[in-house]
Amino acid sequence: FFFFSYILEKIEIEGMYQNNSPSSLLFSPRVQSQSSDIYKALSDDAARAWLALSACAIPTMMKLGFSPYSPGISFHAAFSSSMVMQQSPSRAAVYGTVRTGNLSWSVTPSVRVTLETAGGDRIQATRARISRTEHGWEWLVRLHPVRGSAAMAHTVVASLLDAQGGAAETTKIVDVRFGDVWLCAGQSNMWMPLYFTFDRNLSLHKAMGGFYENIRMPCGDSKDVQLSARKHAVFPAWKTARSCASEISTSLLRNGQPLPLLFSVCAACWYFAESLTHRFKLEQRPAPALGMMCVAEGQTSIEAWLPRRKLAGCTNTLWAVCNVKTSDNCSTDTQRFGKTYEERIEPLLPMAIKGWLWNQGEYNCRGNAISGNYLGRYGYACELPALVSYWRSRWSEEPNSTDPLAPFGIITLPARANWMGGRDMGGMRHAQTASFGVLPNDALPNTFLAQSYDLPDSWNVDAGCFA
């Protein structure tokens, strides 16, 4: 170890070691490009010894629980500055991970979370609950209820404490508002970006002009969202509506020209927030801060949004069909069953929210899929109430977090008679109400409905319809 440290001190390659850990240096492509410089700095024998040590010692150290990284603390990927947290009476959750570094696994880290005003005045401070998982240490705090305000900014500080209770390392998110958080989920009709809608330019101009200052969201395309602890987390950073409208997307292009980042957000999710804001302003009431989180993913069946063990309560589902046949892309479907839930829903369960918006069903229209009947406990009409009930139960497991009967909004399918080969579009829209025809009902209490059967046409963006 002395020799390894000595060699690292002697190697001075500009920009390679600064802001990088030893492990990232050892395996950096730049090491190969500058190998001649290394050999100039060292004798051949020393260079061989260094490379051998780096190839053998570092992996062995990491297997034994050592890490070249120092201990550190971070928020979960779904948390960032400018976000919205659920207002009172709910107790908003704040959670993240602790990187142990060289800390012993036998020593449980200690974390404190502090809520402050934008000016730095402390409002509350709470020690976090610590749990050990297969992926490391995780921490979670339930804040005391905070009254909502679209105008009042807060700062949330997470501190990794030393043995004396002092802050050894801190991280924080700023410009946090408390209001109502909505989760938007489903497949391509929910994922569809604002770019593909008629009112996009009006929304853009109003957002840039500050009309929707109460609306905030993870500003980006939801198709790349990945929150499972088993993989590298991917989640867009939270932004205000004005900031999201003012920034330019690096991936959304038209005729080679970049478009506003706002055009990449989920359209149905955005327009819901717009409608709520208009309603509050029409009634001359202050609009709450609205946090619109979209995790939609195209080409997903309802079975993908539930754990596999929860699919057994309903018969004649796409899951059942795919268990007896391999055509109609069933092999792809079975790989997705439960996986979307694991990657996009389960990591967000601790977060207190106001409610959900659901726009899904096309992928359950194809092949031999059955719209079904709620009372008969089969088909989509059985699965959707099961999803609503399960999500509500999981999100409300912690007392005073999400309401056990939090509102759940459902958007019906458009009237394309041949969508995904579906032969029973009327029956599927009926199934989206659990066979009752209206919402709310006994199977789906405290739900609401947006009909889209009046949207039968598909429009070509490049044909000039959006010019």
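In what follows, residues are counted from 1 in the order of the sequence shown. As a basis for the values below, the full set of heavy atoms in this structure was taken, side chains included, without hydrogen atoms, waters or symmetry mates.
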Between [X] and [Y]: side-chain donor-acceptor atoms closer than 3.5 Å:
{"X": "S82", "Y": "D175", "value": "yes"}
{"X": "N359", "Y": "Q187", "value": "no"}
{"X": "E397", "Y": "S393", "value": "no"}
{"X": "S74", "Y": "R99", "value": "no"}
{"X": "E213", "Y": "T240", "value": "no"}

Kindly state whether the ring of F79 and the ring of F235 have centres lying under 6.0 angstrom apart.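 No; F235 has its ring centre 6.0 Å or more from that of F79.
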Between [X] and [Y] (side chain of the first, backbone of the second, donor and acceptor by atom type, cut-off under 3.5 Å), is there such a pair?
{"X": "N441", "Y": "T433", "answer": "yes"}
{"X": "Q360", "Y": "T300", "answer": "yes"}
{"X": "T277", "Y": "A273", "answer": "yes"}
{"X": "T133", "Y": "G136", "answer": "yes"}
{"X": "W238", "Y": "A78", "answer": "yes"}
{"X": "E116", "Y": "T155", "answer": "no"}
{"X": "S249", "Y": "L261", "answer": "no"}
{"X": "R142", "Y": "R91", "answer": "yes"}
{"X": "Q432", "Y": "G361", "answer": "no"}
{"X": "S435", "Y": "A431", "answer": "no"}

Looking at side-chain heavy atoms only, is the closest gap between [X] and [Y] below 4.5 Å?
{"X": "H154", "Y": "I123", "answer": "yes"}
{"X": "L183", "Y": "V295", "answer": "yes"}
{"X": "M85", "Y": "V176", "answer": "yes"}
{"X": "I173", "Y": "M83", "answer": "yes"}
{"X": "P347", "Y": "H76", "answer": "yes"}
{"X": "F178", "Y": "R147", "answer": "no"}
{"X": "Y195", "Y": "R200", "answer": "yes"}
{"X": "P260", "Y": "E247", "answer": "no"}

Considering non-hydrogen atoms only, spot the tightest contact between [X] and [Y] and give its length.
{"X": "W139", "Y": "V113", "result": "CZ3-CG2, 3.5 Å"}
{"X": "P236", "Y": "D221", "result": "CG-O, 4.3 Å"}
{"X": "A381", "Y": "Y374", "result": "CB-N, 3.6 Å"}
{"X": "A241", "Y": "M217", "result": "CA-CE, 3.9 Å"}
{"X": "R392", "Y": "L405", "result": "NH1-CD2, 3.6 Å"}
{"X": "F263", "Y": "L204", "result": "CZ-CD2, 3.9 Å"}

Start with the C-alpha gap between S149 and R177, add the side-chain angles, then the distance that decides, and say whether side-chain hydrogen bond (donor to acceptor under 3.5 Å, both in side chains) holds. CA-CA 7 Å; S149 172; R177 300 299 200 269; over 6 Å; no
Just verifying a value: how many Å separate [X] [atom1] and [Y] [atom2], rounded to the nearest 0.5 Å?
{"X": "D180", "Y": "W182", "atom1": "CG", "atom2": "CH2", "result": "7.5 Å"}
{"X": "E303", "Y": "Y380", "atom1": "CD", "atom2": "OH", "result": "9.0 Å"}
{"X": "S203", "Y": "E274", "atom1": "OG", "atom2": "CD", "result": "3.5 Å"}
{"X": "K239", "Y": "S80", "atom1": "NZ", "atom2": "OG", "result": "8.0 Å"}
{"X": "S131", "Y": "Y95", "atom1": "OG", "atom2": "OH", "result": "12.0 Å"}
{"X": "L306", "Y": "Y390", "atom1": "CG", "atom2": "OH", "result": "8.0 Å"}

Test side-chain contact (heavy atoms from CB on, under 4.5 Å) on Y341 and R394; report intermediate values, then the result. CA-CA 12 Å; Y341 172 84; R394 290 302 312 276; 3.2 Å; yes
Before you tell me yes or no, could you show the steps for L160 and T170 under side-chain contact (heavy atoms from CB on, under 4.5 Å), namely the whole-Å CA-CA distance, both residues' side-chain angles and the distance that decides it to 0.1 Å? CA-CA 6 Å; L160 179 62; T170 63; over 6 Å; no
How far apart are the C-alpha atoms of C184 and C266, what are their side-chain angles, what is the distance that settles it, and do they pass the disulfide (SG to SG under 2.5 Å) test? CA-CA 8 Å; C184 305; C266 300; over 6 Å; no
Using 4.0 Å as the upper bound for N to carboxylate O, is an ion pair formed by [Y] and [X]?
{"X": "R344", "Y": "E297", "result": "yes"}
{"X": "D199", "Y": "K206", "result": "no"}
{"X": "R129", "Y": "E398", "result": "yes"}

Between W305 and W358, how do the two ring planes meet: parallel, tilted or perpendicular, split at 30° and 60°?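 Answer is perpendicular, since the angle exceeds 60°.
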May I have the step-by-step check of side-chain contact (heavy atoms from CB on, under 4.5 Å) for V146 and Q87, ending in yes or no? CA-CA 5 Å; V146 179; Q87 63 181 333; over 6 Å; no
Test log, rule side-chain hydrogen bond (donor to acceptor under 3.5 Å, both in side chains), inputs Q451 and T412: CA-CA 5 Å; Q451 296 282 11; T412 63; 2.9 Å; yes
Tell me, please, whether Y212 has R242 positioned over its six-membered ring: NZ or CZ under 6.0 Å from the ring centre and within 45 degrees of its axis?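 R242 over Y212 ring: no.
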Cation-pi geometry met for K172 and F75 (6.0 Å, 45°):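 No, K172 does not sit over the ring of F75.
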As a quick check of understanding, evaluate side-chain contact (heavy atoms from CB on, under 4.5 Å) for V438 and L449, giving each step before the final call. CA-CA 8 Å; V438 295; L449 187 67; over 6 Å; no
Evaluate C314 against C382 for disulfide (SG to SG under 2.5 Å), listing each step before the verdict. CA-CA 6 Å; C314 304; C382 173; 2.0 Å; yes
Option from N446, L439, L444, L387 for which side chain to side chain contact (heavy atoms under 4.5 Å, CB included) with F408 holds: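 One option only clears the test, and that one is L387.
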